[in-house]
Structures are given as structure tokens and as C-alpha cells.
Amino acid sequence: MKKLIYFLPLILALSCAPKEEKTTEIETTEEILEQPMTAKPDSVLRHNVFFSFKETSSQEDIQSVIDAFRNLQNEIDGIEDFEYGINSSPEGLNQGLTHAFTLTFYSDEARDAYLPHPAHAAFGEILGPHLDKVTVVDYWTRP
């Protein structure tokens with residue numbers, strides 16, 4: 001037992017002593033793939049269009065207008081985003097306008113090219129028989 005008492009401080013000392021860390025250098029090679037990123041500008045141009053449809057237009061007619069409007073982003077360069085929705089405001093200030101559409105552009109030039117574009121004119125032919133009222137508001141976003 002006396003021998004164990006002599007070895008106990010030695011064991012404690014060895015267990016508390018700082019240990020050497022082994023470091024191994026590993027050579028790695030990583031291939032960094034550069035992918036072009038589309039830079040979003042600080043401010044974008046929002047083209048907001050508000051419609052009301054004729055009472056004679058069916059839900060299928062209205063859906064065909066929505067689908068044709070959505071498809072413009074596939075036919076006209078410069079439309080960066082498209083979204084739409086149906087009025088749900090409880091305030092009753094929509095003046096009969098029921099459907100809201102927002103197109104996003106990154107420049108006035110892109111919007112200005114969209115307006116006279118033949119695909120936009122073709123969309124007008126689809127919309128025309130069903131349109132009751134329209135309001136358009138464009139603005140540049142501000143942070």
C-alpha cells in the first residue's frame with residue numbers, strides 16, 4: 001500500500017501535465033467553381049396593373065387573361081419578375097378593381113421596350129373583350 005501512495009502523486013502529475021498536440025499537415029486542393037450571379041440593383045421598377053373584369057367574363061376567361069399575362073415574362077426580355085393576386089382589402093377603396101399584377105424591371109429601358117412589344121399587344125387582344133377598368137402605376141422602389 002505504501003508503494004501505491006508513492007506512485008499516486010506521480011500519476012496525478014503526469015495526468016495534469018500539458019499534452020503535446022500532434023498536428024499533421026494535410027494538403028488539400030479545392031476547386032472553386034465560379035458561377036455568374038445576377039446582380040440585383042438596389043432599386044427596381046415596379047409596373048403595377050389593376051384590372052376589373054366585365055360581369056359577362058367567366059372564371060375561365062379571367063384565368064386565360066392571367067395565364068397570358070404571366071406568360072409575357074417568357075416572351076419579353078427585361079421582365080425580371082411577375083406576380084399577381086386578387087383584392088382582399090376590407091377597406092372597400094379598390095374602386096371596383098379586383099386583380100393586381102406586378103411586373104418588375106431593372107431599368108426604364110426594359111419597361112419601355114415591354115410596352116410596345118408585339119407580345120404585349122397580343123396580350124391586349126386577349127384582355128380586351130374582358131376588361132372593364134384598368135389602372136397602371138409605375139414606381140422605383142426605395143429602401
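As a basis for the values below, the full set of heavy atoms in this structure was taken, side chains included, without hydrogen atoms, waters or symmetry mates.
- In this structure, Phe53 and Thr98 have side chains that are in contact, with non-hydrogen atoms separated by less than 4.5 Å.
- Partner of Phe69 under the ring-ring contact (aromatic ring centres under 6.0 Å, His included) criterion, out of Phe123, Tyr84, Tyr114: Phe123 alone.
- Considering CD1 of Ile76 and NE2 of His120, their distance stands at 7.0 Å, rounded to 0.5 Å.
- Under the 4.5 Å side-chain heavy-atom criterion for Ile, Leu, Val, Met, Phe, Trp and Tyr, Phe50 and Phe101 are members of distinct hydrophobic clusters.
- In this structure, the side chains of Ile62 and His99 come closer than 4.5 Å at one or more pairs of heavy atoms.
- The shortest heavy-atom contact between Ile126 and Pro129 is O-CD, 3.5 Å.
- Under the 4.5 Å side-chain heavy-atom criterion for Ile, Leu, Val, Met, Phe, Trp and Tyr, Leu131 and Leu115 are members of the same hydrophobic cluster.
- The CG atom of Leu127 sits 11.0 Å away from the CD1 atom of Ile66 when rounded to the nearest 0.5 Å.
- At a threshold of 4.5 Å between non-hydrogen side-chain atoms, the residues Ile79 and Phe105 count as touching.
- Here the side chain of Asn71 pairs no donor or acceptor atom with the backbone of Ala68 at under 3.5 angstrom.
- To the nearest 0.5 angstrom, Thr135 atom OG1 is 7.0 Å from Gln95 atom CD.
- Residue Lys54 comes nearest to Gly128 through the heavy atom pair NZ-O, 4.3 Å, listed as atom of the first residue, atom of the second, then distance.
- If you take CG on Leu72 and CZ on Arg70, they are separated by 11.0 Å, rounding to the nearest 0.5 Å.
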query = Can you list the steps and then say if Asp67 with Ser64 is a side chain to side chain donor-acceptor pair (under 3.5 Å)?
reply = CA-CA 5 Å; Asp67 293 342; Ser64 69; over 6 Å; no
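- Between Ser57 atom OG and Gln63 atom CD the span is 13.0 Å, to the nearest 0.5 Å.
- Hydrophobic clustering (side-chain heavy atoms under 4.5 Å, transitive across Ile, Leu, Val, Met, Phe, Trp, Tyr) groups Phe82 together with Leu45.
- Atom CG of Asn74 has more than 12 heavy atoms from other residues, nucleotides or ligands within 6.0 Å.
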Please table the atom pairs, donor to acceptor, closer than 3.5 Å between any side-chain atom in residues 136-143 and protein atoms at least two apart or in another chain.
unit_1	atom_1	unit_2	atom_2	d
Asp138	OD1	His47	ND1	2.6
Asp138	OD2	His47	ND1	3.2
Asp138	OD2	Arg111	NH1	2.8
Trp140	NE1	Asp108	OD1	3.3
Thr141	OG1	Val44	N	2.9
Thr141	OG1	Val44	O	3.4

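- Between Glu75 and Ala119 the shortest heavy-atom distance is OE1-CB, 3.2 Å.
- Counting only distance, with no hydrogens or angles, the side chain of Ser52 and the backbone of Asp132 share no donor-acceptor pair below 3.5 Å.
- Of the inter-residue distances, the one linking Glu83 atom CD with Thr102 atom OG1 reads 5.0 Å to the nearest 0.5 angstrom.
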